[in-house]
Protein chains: 2
Amino acid sequence: MKVISTHCISCKNRADIFSGLNDTELSKVNDARVGMHYSHGEIIFKQGSPCHDFVCVTSGLVKCFVEGEDDKKIIIGFVRPVEYIFAPGAYIDKRHHFTAIACEETTVCLVATDVFQELVRSNHEFANEFIAKISNQTIDLCRQLTNLTQKQIPGRVAETLLRLSQIVYKKNPFTSCLSRQDMADMCGMTKESVVRALKTFKDEGIITVDGNQIHLLNVPMLETISKIG
Amino acid sequence: MKVISTHCISCKNRADIFSGLNDTELSKVNDARVGMHYSHGEIIFKQGSPCHDFVCVTSGLVKCFVEGEDDKKIIIGFVRPVEYIFAPGAYIDKRHHFTAIACEETTVCLVATDVFQELVRSNHEFANEFIAKISNQTIDLCRQLTNLTQKQIPGRVAETLLRLSQIVYKKNPFTSCLSRQDMADMCGMTKESVVRALKTFKDEGIITVDGNQIHLLNVPMLETISKIG
DNA sequence: CTTCAACGTTGATATAAATCAACGGTCTTA
DNA sequence: TAAGACCGTTGATTTATATCAACGTTGAAG
């Protein structure tokens, strides 16, 4: 078990939103904080369950997805250190509206939602950062809505590859711990379709695939494919 | 041209979020306010354009949709009086991320985003209401994401009918000014598919359709169809 | 009044993508 | 070591849905 920072004030894995807080405020956060460790595949919180805490990811990788009927999932995003997961139910019905699962060994701090809400009330800068965070999530969901409903398979897979490389892993040959099913859940399709699309891209020399390492050889081409759908 | 209230303090069409403001704050909003009138089909703001104002709908009906390539749209929601339209770009890139169009004769007040942001900073209650509003939008987008990607046509159309009746028009036989294409844009399908689905529902005695008036005869059945996809 | 464009509807056809099935590989677990 | 489960991959088949085409209606514009 990794040792996480003993106090928020000195924590180096602190999410940006806490930067504007003074020591008194940080102490309040620290008192409410619960450090947790999750192994690969473990559920951090589940859609529909009561929402008591915001989750700040201090190491590892977390995937968030909405669940429909019949075990179908749509991955709405990944959260890396040092970021926190905004739970939109905190202000509405105190329920989680998506599920969060650790993709690899992951440590997080849970902070009670009412501590967050108190900070939103008392610290304007914090409130602004908080709203900016939610806004980004909204913008992202809008983008996903068009991507998943208006593009066909090659476009969606291209988009997903670019996302993984540029936003999630921020590397070009990137090594992912995601299964084909995970990628399918990002694209809203079956894993077989993902495999076929990857194979096509590989045959066309646009990417190379070596196990879990994917190298995007022709990014402009992928961007074009993603754009024209 | 209808006369809108002359001052926010005495306005009867004020969105709920302004309820917690004192007269000084309301005056500030009033000074920044621009009343506008739009006819059926007119664009209030367009995706990608600079975002300077929040739009408060005082009469009529507004549809909001994200635009993809190739003229395809997904309607993400309708805004009725007395509600305002949250533009997520206001806190991020000062751009609109969806388009808003008047569905019928519509009056709105435009309020500069920085006035909103100032209120968020100075009034905690306002900030809370504001965040709750965005949270609801996020929850709704999550729901749409699963609906549009995981259900097939009958399920999506049933869902749309229930939405129109229960949330948008709040009536059971309801008369809608929406075209079949609009309904298709709500469901992420073609207008032909909508027509066929409505015909099937009609033949099965689940609904009646008379021009733009739709009567949901068997709501539980529609809910089942919506659920099982 | 006429013309044209957009809408609603229906049927026939094409096609994208899911499903089904099979197999080898890897990892876990008994 | 062996058994079972899951993953990745590929091919064959089915199916849901889009596309294409045609036509009557309505409403707006010239």
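Any value given below was found using the heavy atoms of this structure, including those in side chains, with hydrogens, waters and symmetry copies removed.
Note on residues 175-225 of chain A: no pairs pass ring-ring contact (aromatic ring centres under 6.0 Å, His included), not counting sequence neighbours. Applying the ring-ring contact (aromatic ring centres under 6.0 Å, His included) test to pairs two or more places apart or on separate chains, those with a residue in residues 143-191 of chain B are B:Y169-B:F174.
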Atom pairs under 3.5 Å: protein N/O with N/O of nucleotides 24-30 of chain C:
none

Check the interface with nucleotides 21-30 of chain D: list each N/O to N/O pair with the protein under 3.5 Å, or write none.
none

Contact list (N/O, under 3.5 angstrom) for nucleotides 6-8 of chain D vs protein:
{"unit_1": "D:dG8", "atom_1": "OP1", "unit_2": "A:R180", "atom_2": "N", "d": "3.1"}
{"unit_1": "D:dG8", "atom_1": "OP2", "unit_2": "A:R180", "atom_2": "N", "d": "3.0"}

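In this view, A:D182 and A:K63 satisfy the salt bridge (charged side-chain N to carboxylate O under 4.0 Å, His left out) rule, not counting sequence neighbours. Residues that satisfy the salt bridge (charged side-chain N to carboxylate O under 4.0 Å, His left out) test with A:R180, not counting sequence neighbours, are absent from this structure.
One axis for each end of the helix from C:dC1-D:dG30 to C:dA30-D:dT1, each built from five base pairs, and the angle between them comes to 40° at 10° resolution.
In the region residues 61-68 of chain A, proximity to DNA chain C at under 4.0 angstrom, judged on heavy atoms, holds for none of the residues. Looking at residues 152-162 of chain B, you'll see B:Q152, B:I153, B:R156 sit with a heavy atom under 4.0 Å from some atom of DNA chain D.
Listed pair B:S193 / D:dT17 fails the phosphate criterion, with no side-chain N or O lying under 4.0 Å from OP1 or OP2.
Partner of A:H96 under the ring-ring contact (aromatic ring centres under 6.0 Å, His included) criterion, out of A:F65, A:F45, A:F86: A:F45 alone.
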Side-chain donor-acceptor pairs of residues 219-229 of chain B under 3.5 Å, sequence neighbours excluded:
{"unit_1": "B:T224", "atom_1": "OG1", "unit_2": "B:P220", "atom_2": "O", "d": "3.0"}
{"unit_1": "B:S226", "atom_1": "OG", "unit_2": "B:K151", "atom_2": "NZ", "d": "3.3"}
{"unit_1": "B:S226", "atom_1": "OG", "unit_2": "B:E159", "atom_2": "OE1", "d": "3.1"}

Could you pull out all donor-acceptor pairs under 3.5 Å where a side-chain atom in residues 66-73 of chain B meets a protein atom, sequence neighbours excluded?
{"unit_1": "B:E67", "atom_1": "OE1", "unit_2": "B:K46", "atom_2": "NZ", "d": "3.2"}
{"unit_1": "B:E67", "atom_1": "OE2", "unit_2": "B:K46", "atom_2": "NZ", "d": "2.9"}
{"unit_1": "B:E67", "atom_1": "OE2", "unit_2": "B:T99", "atom_2": "OG1", "d": "2.5"}

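Using a distance-only test at 3.5 Å, with no hydrogens or angles considered, a donor-acceptor pair links the side chain of A:T149 to the main chain of A:L145.
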